[in-house]
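Each remark here refers to the structure printed beneath this line.
Numbering starts at 1 and runs along the sequence shown. Just so it is clear, the structure is predicted and the values come from calculations on it, not from any experiment.
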Amino acid sequence: MRERPPISRPWVPAVAGYASLTIGILDIVKAVVPPFRGTRVSEIAGLLPGTVTSIAQAASLVMGILLVMLAHALKRRKVRAWRTVVLLLPLSALIELVHMHRIVSAAISLVVFAVLVANRREFYALSDPRTRWRAVWNFLLMFVLDVAIGWVVVNTHPHTIVGDPSLGERLQHVLLGLVGLEGPVVYSSERTADLVYFSLTGLGLLTAVTTAYLALRPEKPAAELSPEQEEAVRDMLARHGARDSLGYFALRRDKSVIFSPSGKAAIAYRVVAGVMLASGDPVGDIEAWPGAIRRFLDEAKRHAWVPAVIGCSEAGGEIWTREGDLSALEIGDEAVVETADFTLQGRAMRNVRQMVNRIERAGYTCRVRRVGTLSEAEKDLIRKAADSWRGTETERGFSMALGRFGDPADDECVVVTAHRAPESSEGGAAAPGEDIRAVLHFVPWGPDGISLDLMRRDRDADPGLNELLIVKALQAAPELGVDRVSLNFAMFRAVLARGERLGAGPVLRAWHTVLVFLSRWFQIESLYRFNAKFHPLWIPRFVVYPAARDLPRIGIAALQAEAFINVALPGIPFRRRKRSRAGDASGERAALPH
């Protein structure tokens with residue numbers, strides 16, 4: 001007979017996660033809060049040796065914390081979390097039944113255990129990519145939790161405390177107890193003293209073991225583009241790079257790449273906060289895109305990641321939604337200028353023309369060159385200048401930034417620099433590099449296009465310098481064999497453009513008002529109006545996602561990837577800045593002057 005396929009119960013991981021969370025919280029509460037006096041449970045517990053009962057309660061506390069920590073991983077179908085919880089639940093039931101005589105609690109733990117074992121096929125997700133920074137985070141968070149719970153443990157037996165220890169002595173007792181030492185607080189009940197001691201020692205041991213495990217396990221970089229993968233992606237871009245202006249950004253070396261079965265297409269991505277985040281369209285032959293997309297989705301399923309794409313084109317979005325049963329939402333437009341049609345003449349370009357003329361009269365000059373024509377000294381000067389003008393300590397960029405400058409492999413990139421002698425040097429020769437006041441950096445977009453990567457300027461330079469740089473780049477483009485130039489990406493451009501027109505509906509006007517308000521902190525409206533000066537073609541870009549409930553999570557992950565949200569403590573970076581093989585200088589594609 002033909003074997004029946006296993007029954008799928010997709011609701012089990014979520015239910016198991018909430019059950020693990022509930023049981024863990026109850027274990028913590030029961031271990032921390034003293035049993036009610038006069039109850040039968042208290043009388044039975046009093047018949048057992050004090051040390052044994054105290055150890056059981058301390059173990060219940062530690063297992064409760066572990067169950068709480070593993071609850072989210074269970075909901076994400078992590079197989080390691082399943083294995084750990086399957087071991088913890090019988091132990092929890094044994095403690096409840098033998099030492100604490102809580103039959104109902106033990107029965108609940110065993111029921112959840114049975115459900116997990118019966119539905120083990122629902123827990124298949126592998127571990128996330130990891131770095132040793134997780135050990136640091138684990139130690140800090142666990143230490144805070146230990147101190148908080150330890151403080152409660154020390155102070156929930158006030159009637160047995162001898163004397164009136166100060167707050168400092170109580171805190172000292174907690175900190176010493178975490179490392180297995182007796183503190184200054186003395187209890188009149190030996191059983192209470194044992195309970196406090198074993199609970200604090202158990203918390204400290206749990207923190208030490210989990211931190212040591214995270215620190216000593218083999219490190220697996222969260223994202224890395226190997227030289228072999230980079231060579232394969234470059235070969236695809238050489239043949240099919242004209243399709244997508246964002247294709248070259250797949251060569252960021254802090255991204256991972258997944259290839260189609262034929263090896264003719266690839267998707268660059270990074271995993272951020274449980275979201276498998278791709279950007280732009282797949283690279284390579286469009287006929288092989290479906291195969292790469294299916295592998296991407298299979299990889300996301302294996303790890304229980306949320307698959308998402310930011311900034312894909314309409315053609316790419318159609319293939320993503322068809323192959324992955326996903327949804328798409330327009331998030332903005334890319335500004336593309338056809339260099340053959342660009343001119344400063346005419347009334348429509350009057351403001352830009354006047355601004356450019358004013359900046360040139362102020363003594364600024366521009367140079368437009370391929371990066372391959374620069375000397376190493378010139379590259380170093382430009383790199384240092386761009387780094388010094390970066391508005392934040394954290395390098396921004398993921399979907400529309402390359403993350404480096406001057407690499408020998410990027411000789412076809414185009415750099416535009418603005419020069420003017422410093423005020424103090426007027427009338428004399430400026431030191432090398434001192435006259436650089438602004439930089440634009442473009443990456444190749446097929447054989448006849450370039451795409452804006454980096455835009456930075458000296459904050460003390462005259463307003464309008466970015467307009468001058470773009471105009472000079474557009475004017476010099478034909479000599480470089482460039483027919484089209486991709487400028488900045490304008491978020492929600494359609495809403496901003498239509499919301500201020502006559503006849504706009506109340507919903508559109510309300511959305512427009514919200515975007516204008518948010519523009520006080522984010523470059524939304526200003527970026528749109530800056531791009532509109534050059535009368536570009538507006539190319540819509542989309543975000544692809546599984547379900548509407550995933551959009552907030554995807555949005556936060558995208559902000560983290562672009563480094564607009566930096567998940568780090570002071571002095572402890574979330575992601576170390578990596579130097580490429582020839583040095584880096586990355587920045588925001590949409591960096592505009594204040």
Examine distances only and state if a side-chain atom of [X] and a backbone atom of [Y] form a donor-acceptor pair shorter than 3.5 Å.
| X | Y | value |
| --- | --- | --- |
| N357 | R353 | yes |
| K255 | F249 | yes |
| T321 | G317 | yes |
| R252 | A401 | yes |
| D550 | P546 | no |
| K78 | H303 | yes |
| D281 | S313 | yes |
| R383 | F405 | yes |
| R437 | A418 | no |
| T339 | V482 | yes |

Closest contact, heavy atoms only, [X] versus [Y]:
| X | Y | result |
| --- | --- | --- |
| V371 | G406 | CG1-CA, 4.1 Å |
| W389 | A438 | CH2-N, 3.4 Å |
| C312 | V544 | SG-CG2, 3.6 Å |
| P463 | I359 | O-CD1, 3.1 Å |
| E334 | F489 | N-CD1, 4.0 Å |
| L277 | A561 | CD2-CB, 3.9 Å |

Next on the checklist: Between I436 and R367, does the side chain to side chain contact (heavy atoms under 4.5 Å, CB included) criterion hold? Intermediate values first, please.
Outcome noted: CA-CA 10 Å; I436 300 176; R367 302 181 67 186; over 6 Å; no

Salt-bridge test for [X] and [Y]: reply yes if a basic N is under 4.0 Å from a carboxylate O, no otherwise.
| X | Y | value |
| --- | --- | --- |
| R420 | D462 | yes |
| D244 | R541 | yes |
| K264 | E287 | no |
| D298 | R302 | no |

Item to check | Verdict with supporting geometry, M491 and Y528, side chain to side chain contact (heavy atoms under 4.5 Å, CB included) | outcome: CA-CA 8 Å; M491 290 285 291; Y528 156 61; over 6 Å; no

Between [atom1] on residue [X] and [atom2] on residue [Y], distance to nearest 0.5 Å:
| X | Y | atom1 | atom2 | answer |
| --- | --- | --- | --- | --- |
| I470 | L468 | CD1 | CG | 10.0 Å |
| L469 | M455 | CG | CE | 7.5 Å |
| L344 | M355 | CG | CE | 12.0 Å |
| N488 | L527 | CG | CG | 4.5 Å |
| M400 | L402 | CE | CG | 14.0 Å |
| L381 | S375 | CG | OG | 8.0 Å |

Next on the checklist: Can you see whether D453 engages H441 through a side-chain donor-acceptor pair at a distance of less than 3.5 angstrom?
Outcome noted: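 Yes, side-chain donor-acceptor contact under 3.5 Å.
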
Item to check | All ring pair (Phe, Tyr, Trp, His ring centres under 6.0 Å) counterparts of F296, not counting sequence neighbours | outcome: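 Here the qualifying residues are Y269, W320.
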
Next on the checklist: Counting only heavy atoms from other residues, nucleotides and ligands, does the tally under 6.0 Å from CD of E314 exceed 12?
Outcome noted: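 For E314, atom CD is not crowded (no more than 12 foreign heavy atoms under 6.0 Å).
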
Checklist entry - Has R358 got more than 12 heavy atoms of other residues, nucleotides or ligands less than 6.0 Å from its CZ? => result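 Counting neighbours around CZ of R358, more than 12 heavy atoms of other residues, nucleotides or ligands fall under 6.0 Å, so yes.
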
How about [X] and [Y]: do any of their side-chain heavy atoms sit closer than 4.5 Å?
| X | Y | value |
| --- | --- | --- |
| L440 | V415 | no |
| W289 | I267 | no |
| L251 | R404 | yes |
| V414 | R369 | no |
| D380 | K384 | yes |
| D333 | E330 | yes |
| S260 | R295 | no |
| P13 | K75 | no |

Checklist entry - Stepwise, does the side chain to side chain contact (heavy atoms under 4.5 Å, CB included) test hold for V485 with F534? => result CA-CA 11 Å; V485 177; F534 305 97; over 6 Å; no

Next on the checklist: side chain to side chain donor-acceptor pair (under 3.5 Å) for R234 and Y248? Distances and angles first, verdict last.
Outcome noted: CA-CA 8 Å; R234 286 187 182 277; Y248 201 84; 3.0 Å; yes

Next on the checklist: Walk me through whether R370 and D411 qualify under salt bridge (charged side-chain N to carboxylate O under 4.0 Å, His left out).
Outcome noted: CA-CA 7 Å; R370 294 280 184 184; D411 283 348; over 6 Å; no

Item to check | Axial cation check for W445 ring with R484, 6.0 Å and 45° limits | outcome: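 Yes, R484 and W445 form such a contact.
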
Checklist entry - Do the ring centers of Y364 and H419 come within less than 6.0 Å of each other? => result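 When the ring centroids of Y364 and H419 are compared, they turn out to be at least 6.0 Å apart.
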
Item to check | Full working for side chain to side chain contact (heavy atoms under 4.5 Å, CB included) between V471 and Q475 | outcome: CA-CA 6 Å; V471 167; Q475 291 175 338; 3.7 Å; yes

